[in-house]
Amino acid sequence: MKHLHNIVLGLSLIWAAPVAGEEGSVFAPLSLVEHGQVDFLAARETLMMQLLAAADPEGPTRAAVLLDLSELHLAWMMRPEAAGFLAALDNETLTDDAARRHRTLTLALALLEDDAGESGDLGQAVSWSVGWAEGQALRAAAFARLGAADEAARLMPRTVEGLGALSPAIQAAVLPDLLEAALAAEEWDVAQALAAQFPKHAELRDGPAYRFLLARASEVSGDFLMAFEGYVQAAQGRDAFAQRARLALVRMGRETDTLPSEDALSLLKAARWSWGGDALAREGVTLLADIAAEQGETDTALWALHNLKRDASEEEVEALLTRARGIYGAFYAAGAAGEIDLGSFLEGHARISARWRFDPGFVSHAMAVPQRLLDTGMTALAAREFRALREMAETLEGVGANAPDAALLADLRRGEARALLAGGQADAAVDLLSGFADDQGAEAEALLVEALARAGRSDELAALRLRAQDMDLRRSRAVALYETGKWGSARLAFLEMWETHPQQFAFADATRLTLAAYQVGDSETVAQAATAFPSLAELPGWAEIATGLGARPAEEGPLGSDVMRLSMESADRILDAVTKVTDVKESQ
């Protein structure tokens, strides 16, 4: 349809207009002016009585009355009714004159249609109307609605004269299209003559169409002040020209830097409720999305993008989603950085979630909310929000083209576990992580170790087999077993650490290994540790505990309670000293 006017122009050149005397063989003369000036109700009642009196349903009398009824309603711009009367006729039973009249009325109705898009009805109508003298104004207006400016300009000289063959109602319907075409063609004399016709019609006089077109003429001539005033007046209306005036104000204001972005945004916000459902509304919403994004109006920009998404194509939807993710992603990033106060952050999150929670990119950005809550110390709320996002992500798994995002789910589960641990809910964290830590790497296993230790579930901690080779993770488990008195399991855990990561096996690890080995009667490990770490003997308190551990005969039972207490107190002093020494060494 974009190049339809070129096709029509070619057809116009090929199909020569009928010569005088031949027009009657193609088109029938219409009496639109007469029908448009009579008392409509009285004329309709008379014709309806004649229709009821017509005895033969297929006779010429009934056909003539139906054609009169169609022409009467067309003259008063009641197009659906006019088309209905034509539809009641059977072309095959019509006389030649009646068939020509039927065809001409059908053509007039078609020329009054809006641009029919891909169906091409309006384009066919302008092609079939070549040579119709009475329809010159209708053809010019149809070309204007098709956007065929050159073809409309070619008909401009005969347009004003052609208006005389139309009824007042039809003139009022096509005058805006004709005046706009004349302005586009810079046919100033024709435009002046057409503008002079507007005050003759009550529906056009001082209406949005008239004000808009006069403002458009002022803008074309370079009088932007007059154009601005005209657009402002036209924008007060409620029809398509009022919407066009609003868009023109924004466009002209941005082009000339005379309309602040805040004012443009306010105008477009109001316009979204004033007009909707067509290309003009979509253009307004598109502008609203652009300007709102520029002004940092997150809610408004996202509303506009969501509105545009409803009737967009697949390619357009993907582009709109990308823009939306960029906008709400920036909001969550600012909230995570503390650039938005917590109350406003949570309120904005609630509004965004209402429209975009099912977007595949939403959850990964919205994780900033529970993390901010956790950082603030609101652990219960943070855990609840992490859980809500996780459940949402799990619900979206496999829906449509969404592939399960295992990494995202793992991040959400770990975040919830951290919040539970921070809030003292270690058992809940264990329940959350059990069965999942094996597949989620060292961080999840570390959280599980910490949760088991805090929950006092030492049996489960002892039975836990770590898959990750991370030294810090293994140390955390071993220390947790040691501190809960699981000496045998602690001894094995430290030995595994020593064997797997000998270079990272520290003084504190050796001390705990020695004490755990002593508790289970493993003198061989005690000796091995003492040999491998001779510098332990240089630390304060080591001689005391070494004497107590090394002096016991192999066949003797466990130390007495007093000796054990002294040994453990000495061990604690040694561990404190080892920790300080280790920290110094690591800092160096």
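Residues: numbered from 1 along the sequence shown.
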**OP:** Take L74 and F85, measure what side chain to side chain contact (heavy atoms under 4.5 Å, CB included) needs, and give me the verdict at the end.
**Re:** CA-CA 10 Å; L74 171 62; F85 288 117; over 6 Å; no
Does the [X] side chain pair with the main chain of [Y], one donor and one acceptor, at a distance under 3.5 Å?
X	Y	result
R355	I352	no
Q236	V232	yes
R238	S274	no
T104	R100	yes
R272	G284	no
E134	L30	yes

Side chain proximity check, [X] to [Y], heavy atoms < 4.5 angstrom:
X	Y	answer
E71	L67	no
Q243	E283	no
Q136	P157	no
M48	L69	yes
L381	E385	no
R325	L321	yes
L389	P370	yes
L111	W132	yes

Roughly how far apart are [X] [atom1] and [Y] [atom2], rounded to 0.5 Å?
X	Y	atom1	atom2	result
L66	L86	CG	CG	8.5 Å
R139	L155	CZ	CG	5.5 Å
R44	L47	CZ	CG	9.0 Å
L308	H306	CG	NE2	11.0 Å
L89	S70	CG	OG	8.0 Å
Y210	R205	OH	CZ	10.5 Å

Provide the closest heavy-atom pair for [X] versus [Y] in the form atom of the first, atom of the second, distance.
X	Y	answer
P199	A195	CD-O, 3.4 Å
V160	L194	CG2-CD2, 4.1 Å
G131	F27	C-CE1, 3.9 Å
D206	R211	OD1-NH2, 3.0 Å
A234	P208	CB-O, 3.6 Å
N307	D311	O-OD1, 4.4 Å

Original post:
Stepwise, does the side chain to side chain contact (heavy atoms under 4.5 Å, CB included) test hold for E318 with E314?
Top reply: CA-CA 6 Å; E318 191 57 38; E314 290 185 10; over 6 Å; no
Might you confirm whether atom [atom1] of [X] has over 12 heavy atoms from other residues, nucleotides or ligands at distances under 6.0 Å?
X	atom1	result
M226	CE	no
F198	CZ	yes
E45	CD	no
Q192	CD	no
N91	CG	yes

Original post:
For T106 and H102, what are the C-alpha separation, side-chain angles and deciding distance, and is it a side chain to side chain contact (heavy atoms under 4.5 Å, CB included)?
Top reply: CA-CA 6 Å; T106 301; H102 184 282; 3.7 Å; yes
Original post:
Do R246's NZ or CZ and the ring of W275 fall within the cation-pi criteria of under 6.0 Å and 45°?
Top reply: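 No.
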Original post:
For D290, which of R254, R323, Q295 qualifies under side-chain hydrogen bond (donor to acceptor under 3.5 Å, both in side chains)?
Top reply: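 Considering R254, R323, Q295, a side-chain hydrogen bond (donor to acceptor under 3.5 Å, both in side chains) with D290 is found only for R323.
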Original post:
Mind checking whether F362 and Y328 have parallel, tilted or perpendicular rings, split at 30° and 60°?
Top reply: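 Because their plane-to-plane angle is over 60°, the rings of F362 and Y328 count as perpendicular.
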Original post:
Taking the six-membered ring for Trp, are F212 and Y231 parallel (under 30°), tilted (30 to 60°) or perpendicular (over 60°)?
Top reply: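 If you compare the ring of F212 with that of Y231, the planes turn out tilted.
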Original post:
Between F40 and H73, is the gap from one ring center to the other below 6.0 Å?
Top reply: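 Yes, they do, as the ring centres are separated by less than 6.0 Å.
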Subject >> Sub-6.0 Å ring centroid separation between F331 and H349 >> reply: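 No; H349 has its ring centre 6.0 Å or more from that of F331.
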Subject >> Ionic contact status for E219 with R251, cut-off 4.0 Å >> reply: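 Yes.
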**OP:** Determine, for D375 against R372, whether the closest basic-nitrogen to carboxylate-oxygen distance falls under 4.0 angstrom.
**Re:**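 Salt bridge absent between D375 and R372.
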Original post:
Yes or no on side chain to side chain contact (heavy atoms under 4.5 Å, CB included) for L259 and M252, after CA distance, side-chain angles and deciding distance?
Top reply: CA-CA 8 Å; L259 184 66; M252 188 177 72; over 6 Å; no
For residues 162-181, run the donor-acceptor check on the side chains, cut-off 3.5 Å, and write out each pair with its distance to 0.1 Å, sequence neighbours left out.
from : atom 1 : to   : atom 2 : distance (Å)
S167 : OG     : A75  : O      : 2.6
S167 : OG     : I170 : N      : 3.4
Q171 : NE2    : L163 : O      : 3.0
Q171 : NE2    : L166 : O      : 3.0
D177 : OD2    : R145 : NH1    : 3.1
E180 : OE1    : R244 : NH1    : 2.9
E180 : OE2    : R244 : NH1    : 3.3
E180 : OE2    : R244 : NH2    : 2.2

